[in-house]
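First up is the structure itself, then whatever we jot down about it.
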Amino acid sequence: DAKTTQPNSMESNEEEPVHLPCNHSTISGTDYIHWYRQLPSQGPEYVIHGLTSNVNNRMASLAIAEDRKSSTLILHRATLRDAAVYYCILRDSGTSYGKLTFGQGTILTVHP
Amino acid sequence: GAGVSQSPSNKVTEKGKDVELRCDPISGHTALYWYRQSLGQGLEFLIYFQGNSAPDKSGLPSDRFSAERTGGSVSTLTIQRTQQEDSAVYLCASSFSPSPIYEQYFGPGTRLTVT
């Protein structure tokens with residue numbers, strides 16, 4: 001499976017935008033870029049995913065580099081509830097049966 | 001609507017005992033996954049079900065671990081002769097399909113402590 005690289009931790013202030021980077025230089029043409037987050041003492045939850053184009057949903061935006069070797073998850077106005085571990089995961093449409101391969105993720109701290 | 005549920009939420013067992021962990025996926029979701037999260041290993045995949053079949057069991061750590069799914073719905077993860085290294089949070093997730101265009105929905109997990 002193609003691997004991703006994320007910073008171990010990031011900090012933000014409440015109501016400010018947050019840009020969480022992810023490098024995936026070995027991404028293949030059929031890999032989708034997924035983001036999940038895990039709040040304290042909860043199971044992971046889906047945030048957003050994309051293939052080539054930038055994506056927006058009610059939770060966040062995903063900006064994908066033109067060469068697809070990196071992406072950025074954007075939280076437009078961080079809240080205290082956004083404090084979590086954020087995982088950038090590549091999912092291929094081949095024979096991996098859709099399983100998620102989690103790395104260490106980025107621990108996001110949001111200051112009031 | 002109802003999400004993925006897991007039971008029990010917490011389980012404390014003695015070393016050597018067998019345990020069963022249950023997962024109720026979202027209705028209509030054909031794909032079901034088990035993961036576990038431990039301090040030393042992070043989040044790791046255990047097994048994948050499509051319907052009642054398990055085409056990918058590659059993450060099961062030993063033959064003490066087994067799982068089944070019945071009626072294309074409920075799944076049970078069984079750990080025989082538990083060891084202290086089995087202590088972890090066991091997470092279940094379901095998805096409409098294994099295709100990467102669909103997200104996985106996770107349950108709250110079962111925290112297993114082996115004493």
Side-chain angles (χ1 to χ4, degrees), chain A residues 1-6 8-9 24 27-53 55 57-60 62 64 68 71 73 84-107, chain B residues 3-7 9-10 21 23-26 29-51 53-60 67 69 88-112:
Chain A
D1 292 335
K3 296 186 68 173
T4 64
T5 304
Q6 300 177 250
N8 290 331
S9 62
H24 28 79
I27 191 169
S28 74
T30 56
D31 284 337
Y32 284 74
I33 302 160
H34 279 245
W35 284 81
Y36 283 74
R37 71 180 185 181
Q38 187 172 24
L39 281 64
S41 301
Q42 295 188 26
E45 68 173 342
Y46 167 82
V47 178
I48 199 167
H49 77 273
L51 183 61
T52 57
S53 303
V55 185
N57 66 20
R58 64 176 181 82
M59 289 181 69
L62 177 60
I64 301 172
R68 301 212 320 130
S71 61
L73 178 69
V85 181
Y86 286 78
Y87 297 97
C88 171
I89 300 168
L90 300 183
R91 296 183 65 191
D92 67 56
S93 53
T95 59
S96 67
Y97 302 111
K99 66 187 177 189
L100 298 173
T101 301
F102 290 86
Q104 295 305 307
T106 296
I107 301 171
Chain B
V4 178
S5 61
Q6 293 186 245
S7 62
S9 55
N10 282 285
L21 312 179
C23 171
D24 283 85
I26 293 172
H29 281 192
T30 62
L32 186 148
Y33 305 82
W34 283 96
Y35 299 86
R36 75 174 177 181
Q37 187 167 30
S38 54
L39 282 176
Q41 298 298 323
L43 260 160
E44 56 181 347
F45 163 80
L46 296 178
I47 186 170
Y48 156 69
F49 285 93
Q50 178 60 34
S53 301
D56 189 353
K57 307 178 183 178
S58 62
L60 295 178
R69 189 179 184 193
V89 176
Y90 288 81
L91 293 154
C92 174
S94 72
S95 179
F96 179 77
S97 155
S99 166
I101 69 172
Y102 294 103
E103 63 264 41
Q104 294 184 16
Y105 295 83
F106 282 79
T110 293
R111 181 175 297 277
L112 175 67

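Every chain is numbered from 1 and lettered A, B, ... according to where its sequence line falls, protein lines coming before strand lines. All values below were derived from every heavy atom in this structure, side-chain atoms included, with hydrogens, water molecules and symmetry-related copies excluded.
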B/Phe45 and A/Thr101, any side-chain heavy atoms less than 4.5 Å apart: no
B/Tyr33 side chain near A/Leu100 side chain, heavy-atom distance below 4.5 Å: no
Separation between NZ of A/Lys99 and CD of B/Gln104, rounded to the nearest 0.5 Å: 11.5 Å
Portion of B/Leu91 that has a non-hydrogen atom of chain A nearer than 4.5 angstrom: side chain
B/Arg111 atom CZ, neighbour heavy-atom count above 12 within 6.0 Å: no
Aromatic plane relationship, B/Phe106 with A/Tyr36 - under 30° parallel, 30 to 60° tilted, over 60° perpendicular: perpendicular
Residue A/Ile107 excluded, over 12 heavy atoms near CD1 under 6.0 Å: no
Heavy atoms of other groups near A/Gln104 CD, more than 12 under 6.0 Å: no
Which of B/Pro100, B/Ser58, B/Gly59 touches chain A most, by non-hydrogen pairs under 4.5 Å: B/Pro100
Which portion of A/Gln38 sits near chain B, non-hydrogen atoms under 4.5 angstrom: side chain
Contact leader toward chain A among B/Ser97, B/Gly42, B/Pro55, B/Cys92, where contacts are heavy-atom pairs under 4.5 Å: B/Pro55
Atom pair OH/OH of A/Tyr32 and B/Tyr102 - distance to nearest 0.5 Å: 10.0 Å
Check: B/Glu103 main-chain N/O paired with A/Arg91 side-chain donor or acceptor under 3.5 Å: no
Heavy-atom contact with chain A under 4.5 Å, split by part of B/Gln37: side chain
